[in-house]
Participant: 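Can you keep this structure in mind? I'll have questions shortly.
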Amino acid sequence: MNSVLNFADWAKQHQVRIEDVLDEVLPHTESTPQKLHSAMRYSVMGGGKRVRALLCYAAAELCKTNEALTDAAAAAVELIHAYSLVHDDMPCMDNDDLRRGKPSCHKQYDDATALLVGDALQTLAFEVLSTPELCANANQQISMLNLLARASGTSGMAGGQAIDLDSVGKTLDREALETMHQLKTGALIQAAAMMGAAGGNITQINAVQAYAENIGLAFQVIDDILDTEADTATLGKTAGKDADRSKPTYVSILGLQAAKDFADLLFKQALQVLEPFGIEARRLRELATFITQRSF
Ligand code: GRG
């Protein structure tokens, strides 16, 4: 049934599914502390493309990973992602008033609440993924926790964010830019796919890793292109911000056309590693297209 769905329907089905899982795991707004819980829900629910969750589900389909564990991993990665956006928007970081087409968390609430929202979403992610008896194979669950922790911390997203904040107004060469993006954005995208692959064999896992490395970087190259080409209304966040803040990007370093060519190369490399799996890797292939052809 699932394999006959076209990509748009498959994506919709899984976006609804992850929305339900997130709704279930987030604390209710009626429970104390109400403001924090309301701000957590405001920051997570009803927004975002859910690309990381979709990557997790798509890799899980290829690798036949346990469904309950995949739901938990998909929710955990979206919670970490939402926390990173809340903190990134704060005045002490990227200072942005708009996120997912609405006021960013610290604007809607206040700075202290936004800080706590990020903290609480991060720990909730690990609480959800470490839920006892999610699957018979505890080793798979521990591998997922390890993947998510490494991708979120200093050797992943937080480390990349530190390099990013330090790079404003500086000239980075292409290698340094790539390292920054692999950590800041790529690591969590890779972890999303790799967590979904936890039930697979070694050939599948290696292919998903190579696919995710390419697609994680492609995601950021496209983000840099969109920051130059798209408008604020379409993006749901402030467009042109990187150039305004003299941040090095793929467009500023390579030029617009070369950045597009690079994204295309990464897309082709991502597809190439999936070739041996034929139809089984269909959703990962379709997601690569979605990520590289997105307009927001
Ligand atoms: C605060 C530790 C810490 C890290 C922040 C990811 C990040 C690091 C900052 C976000 C800044 C940014 C806009 C990066 C570009 C790539 C990116 C992560 C875009 C947003 O992700 P989407 O497009 O967002 O998947 P949605 O809203 O669809 O979930």
Side-chain angles (χ1 to χ4, degrees), residues 11 15 18-19 22 42-56 74-75 77-102 104-106 111 114-119 121-123 125 148-168 177 180-193 215-228 230 232 234-245 247-251 263 287 290-296:
Q15 280 159 343
I18 190 62
E19 222 58 29
L22 289 166
Y42 177 83
S43 305
V44 175
M45 298 303 295
K49 299 176 286 296
R50 307 298 188 205
V51 163
R52 292 154 193 79
L54 292 178
L55 279 168
C56 188
V77 74
E78 285 293 334
L79 291 169
I80 294 281
H81 171 57
Y83 124 68
S84 81
L85 298 180
V86 169
H87 279 190
D88 184 67
D89 288 337
M90 291 183 70
C92 60
M93 294 225 186
D94 220 25
N95 193 18
D96 211 316
D97 293 352
L98 193 65
R99 174 64 64 184
R100 293 176 168 169
K102 53 185 192 179
S104 38
C105 181
H106 70 280
D111 286 6
L115 195 64
L116 288 171
V117 164
D119 294 343
L121 291 179
Q122 178 163 205
T123 47
L148 190 63
R150 278 192 287 131
S152 309
T154 185
S155 55
M157 191 177 68
Q161 179 77 343
I163 299 173
D164 186 345
L165 291 172
D166 205 38
S167 73
V168 176
L177 184 75
M180 177 180 88
H181 286 321
Q182 285 288 17
L183 297 177
K184 190 182 96 166
T185 317
L188 197 62
I189 289 180
Q190 280 172 45
I215 233 49
L217 190 55
F219 186 93
Q220 183 62 54
V221 180
I222 297 293
D223 208 72
D224 287 353
I225 294 169
L226 289 174
D227 190 64
T228 314
T232 298
T234 311
L235 289 180
K237 63 179 181 181
T238 315
K241 209 149 173 278
D242 291 342
D244 290 349
R245 294 188 65 205
K247 265 194 177 181
T249 68
Y250 275 99
V251 175
L287 269 171
F290 175 73
I291 286 169
T292 50
Q293 290 181 7
R294 70 198 168 99
S295 57
F296 64 100

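Note that ligands are numbered from 1 as they come in the structure, with each ligand's atoms numbered from 1 the same way. Because the structure is predicted, anything quoted here is derived from the model rather than measured.
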Participant: If we check side-chain contact (heavy atoms from CB on, under 4.5 Å) with Thr185, which of these qualifies: Leu183, Ile189, Leu188?
Facilitator: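 Only match with Thr185 under side-chain contact (heavy atoms from CB on, under 4.5 Å): Ile189.
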
Participant: What salt bridge (Lys or Arg N to Asp or Glu O under 4.0 Å) pairs are there with at least one residue in residues 149-158, not counting sequence neighbours?
Facilitator: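 As it turns out, there is no salt bridge (Lys or Arg N to Asp or Glu O under 4.0 Å) pair with a partner in residues 149-158 once direct neighbours are skipped.
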
Participant: Within the 4.0 Å heavy-atom shell around Tyr83, which atoms of ligand 1 are there?
Facilitator: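 Numbered from 1, ligand 1 contributes 2 (C).
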
Participant: Under the rule for ring pair (Phe, Tyr, Trp, His ring centres under 6.0 Å), what residues qualify as partners of His181, not counting sequence neighbours?
Facilitator: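 If we apply the ring pair (Phe, Tyr, Trp, His ring centres under 6.0 Å) test to His181, skipping adjacent residues, the hits are Tyr250.
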
Participant: What atoms of ligand 1 come closer than 4.0 angstrom to any heavy atom of Gly48?
Facilitator: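 Per the distance check, 26 (P), 27 (O), 28 (O), 29 (O).
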
Participant: Please report the C-alpha distance between Arg52 and Ile80 in whole Å, then the side-chain angles of each, then the deciding distance to 0.1 Å, and finally whether the side-chain contact (heavy atoms from CB on, under 4.5 Å) criterion is met.
Facilitator: CA-CA 10 Å; Arg52 292 154 193 79; Ile80 294 281; over 6 Å; no

Participant: Glu19 side chain to Met45 main-chain N or O, any donor-acceptor pair under 3.5 Å?
Facilitator: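 Not confirmed, Glu19 side chain does not pair with Met45 backbone.
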
Participant: Is the backbone N or O of Ile163 less than 3.5 Å from a side-chain atom of Lys184, with the two atoms forming a donor-acceptor pair by type?
Facilitator: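 No, the answer is negative, given that no donor and acceptor are paired below the 3.5 Å cut-off.
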
Participant: Quick one: which ligand 1 atoms are inside 4.0 Å of a heavy atom on His87?
Facilitator: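 Counting atoms of ligand 1 from 1, those under 4.0 Å from His87 are 1 (C).
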
Participant: On a heavy-atom basis, I'd like to know which of His181, Arg100, Arg99 is closest to atom 27 (O) of ligand 1.
Facilitator: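 The residue whose heavy atom sits nearest atom 27 (O) of ligand 1 is Arg100.
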
Participant: Quick one: does Asp223 get a heavy atom under 4.0 Å from ligand 1?
Facilitator: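 Yes.
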
Participant: Regarding ligand 1, does Arg50 bring an N or O atom to under 3.5 Å of one of the ligand's N or O atoms?
Facilitator: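 Between Arg50 and ligand 1 (N or O atoms, distance only) the closest approach is not under 3.5 Å.
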
Participant: Mind checking whether Arg52 has a heavy atom under 4.0 Å from ligand 1?
Facilitator: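 So Arg52 counts as touching ligand 1.
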
Participant: Taking Ser43 for its side chain and Ala82 for its backbone only, find out whether a donor-acceptor pair lies under 3.5 Å.
Facilitator: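 Judged by distance alone, no pair lies under 3.5 Å.
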
Participant: Between Ser84 and ligand 1, is there a nitrogen or oxygen pair with a distance under 3.5 Å?
Facilitator: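 No; the residue has no nitrogen or oxygen that sits under 3.5 Å from a nitrogen or oxygen of the ligand.
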
Participant: What atoms of ligand 1 come within less than 4.0 Å of a heavy atom belonging to Gln220?
Facilitator: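 Every atom of ligand 1 under 4.0 Å from some heavy atom of Gln220: 15 (C), 16 (C).
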
